[in-house]
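Have a look at the structure below before the remarks.
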Amino acid sequence: MKYDYAVKTEDLARCYSLGGTLIKALDEIELKIDRGEYVSIVGPSGSGKTTLFNLIGGLDRPTKGRVFVGNVDIGELDAYELAWFRCRKIGYIFQTFNLIPVLTSLENVALPMIFAGVPSGERLDKSTELLRLVGLGDRLSHKPTELSAGQQQRVAIARALANDPAIVLADEPTGNLDLETGHAIVDFLKELNDKEGVTVIAATHDLKMIDMSDRVIWIRDGKVEKTTTPSIRQGRSAREK
Amino acid sequence: MGVGIGEETVGKVEFSFREAFDLSLKNIRRRSARAAITVVTIGLGIAFLTFLTTASIFFRQHTETGVSIGAYQYWLAFISLLLCVASITNSMTIAVYERSKEIGIIKCLGALNRHILLLFFVESTIMSLIGGVLGFLCGSITAMAIYGFRLGFSMVLKIPLVELLFSFGSSVMGAFAIGTSATVYPAYKAAKSEPVEAFRVEV
């Protein structure tokens, strides 16, 4: 088997049973995302974006079909392997930041490294370095409540990068931020993608974020509606694939 | 950075006792009000029990005083300990519920179920031990003071150390047992929850 893709899904479906009726949150999803690609996933709320994220990130199991991240079939992993996968391979960024409120920025960023078995000195150095990278070198010992929303999201980005993940999964990372702060976050993610070659997959409504991406996947009612390349990258002629 | 999967096999996930201890300590320190309530609850139950055991040591030494600890008093102590377990279970359940999102996050970052369990157990053990020691001190000092005034301090000072030590040991063990039994259910529930479910909880 060749490992050409960062993420590949095969006939992926996820159904829920809600009050006796079966709801198809996702159906027949066939995706191929290259390594180092910056992909935006766009769709109205309830279209299945978050479900897709949870499946790619190993937070949920598919009802049908398969998800490959690299050469790993996530559905085949047991609890231990799944924990390792979440820890080492995926960096999660959430709309609501999801930092641990009782820990400082530094401790929040260091947390995933504990599970990766990084010794505490090294952990401290790397967390400091990452927080400097996101421009929070002077906020190391602040708690999340002492930071602005934009700063909290930057701490979350630093945390997502802690174990050098293969993929950064961002679920509406700018959804809770004002326009300007949101743009700064988008620019930063793009920079990471360009410079470090991190694969970024982001669900978003943010037009700027859509414009910056290599590819946009439109989702509606649990299915891929279309895949487009943003106009900026196409010299203003958006072409549908 | 940005190396894909494929080159390596599944590695280790780690969470040593030391890390759990550090994290628990931070949690207790920064949620000190709640921790204090739990410690005081355990402490009160243990203090009552220690009061009775210390007093009974005096009376066994000095049968001539004609005073003794009635069985009903031990019943009272037993019931107060039961209440203590119930109230700590309650407060732990709330604490876990409040932190369900946090638990979900930690699981996203690579924690296994048993790591979550470990975290809660270490936390409850630290609080129980503090409660146990404080309870022992309060209970025994109160008993010594009260019976010292009543029966004379000369006999209180002659209390056999071995028995006092035994009483200390049983207080701490009792506190540990209370804390642990109260944590089992909430911690187990917390450890089992999937991150996706945990994120849906709104507190």
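The sequence lines fix the lettering, A, B, ..., with proteins before strands; numbering per chain opens at 1. All values below come from the heavy atoms of this structure, side chains included, with hydrogens, waters and symmetry mates left out. The model shown is predicted, which means the values in this text are computed figures rather than measured ones.
A salt bridge is defined here as a Lys NZ or Arg NE, NH1 or NH2 lying under 4.0 Å from an Asp or Glu carboxylate O, and A:E107 with B:R30 meets this definition.
If you take CG on A:L169 and SG on B:C108, they are separated by 10.0 Å, rounding to the nearest 0.5 Å. Here the CD1 atom belonging to B:I106 is positioned 12.5 Å from the SG atom belonging to A:C87, to the nearest 0.5 angstrom.
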Which is it for A:E81 and B:K12 under the salt bridge (charged side-chain N to carboxylate O under 4.0 Å, His left out) test, yes or no, and what are the steps along the way?
-> CA-CA 9 Å; A:E81 292 165 334; B:K12 265 193 181 168; over 6 Å; no
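Contacts of A:N98 with chain B are made by both backbone and side-chain atoms, with heavy-atom separations under 4.5 Å. Neither the backbone nor the side chain of A:R61 comes within contact range of chain B; no heavy atoms are under 4.5 Å apart. For B:E102, the parts lying near chain A are the backbone and the side chain together; criterion is any non-hydrogen pair under 4.5 Å. Neither the backbone nor the side chain of B:R29 has a heavy atom closer than 4.5 Å to any heavy atom of chain A. In this structure, the portion of A:L99 lying under 4.5 Å from any heavy atom of chain B is its backbone and not its side chain. In this structure, the portion of A:F94 lying under 4.5 Å from any heavy atom of chain B is its side chain and not its backbone.
In terms of non-hydrogen atom pairs under 4.5 Å with chain B, the most contact-rich of A:G91, A:A162, A:G57, A:A83 is A:A83.
Of the possible polar contacts, none joining the A:Y80 side chain to the B:L112 backbone as a donor-acceptor pair under 3.5 Å is found.
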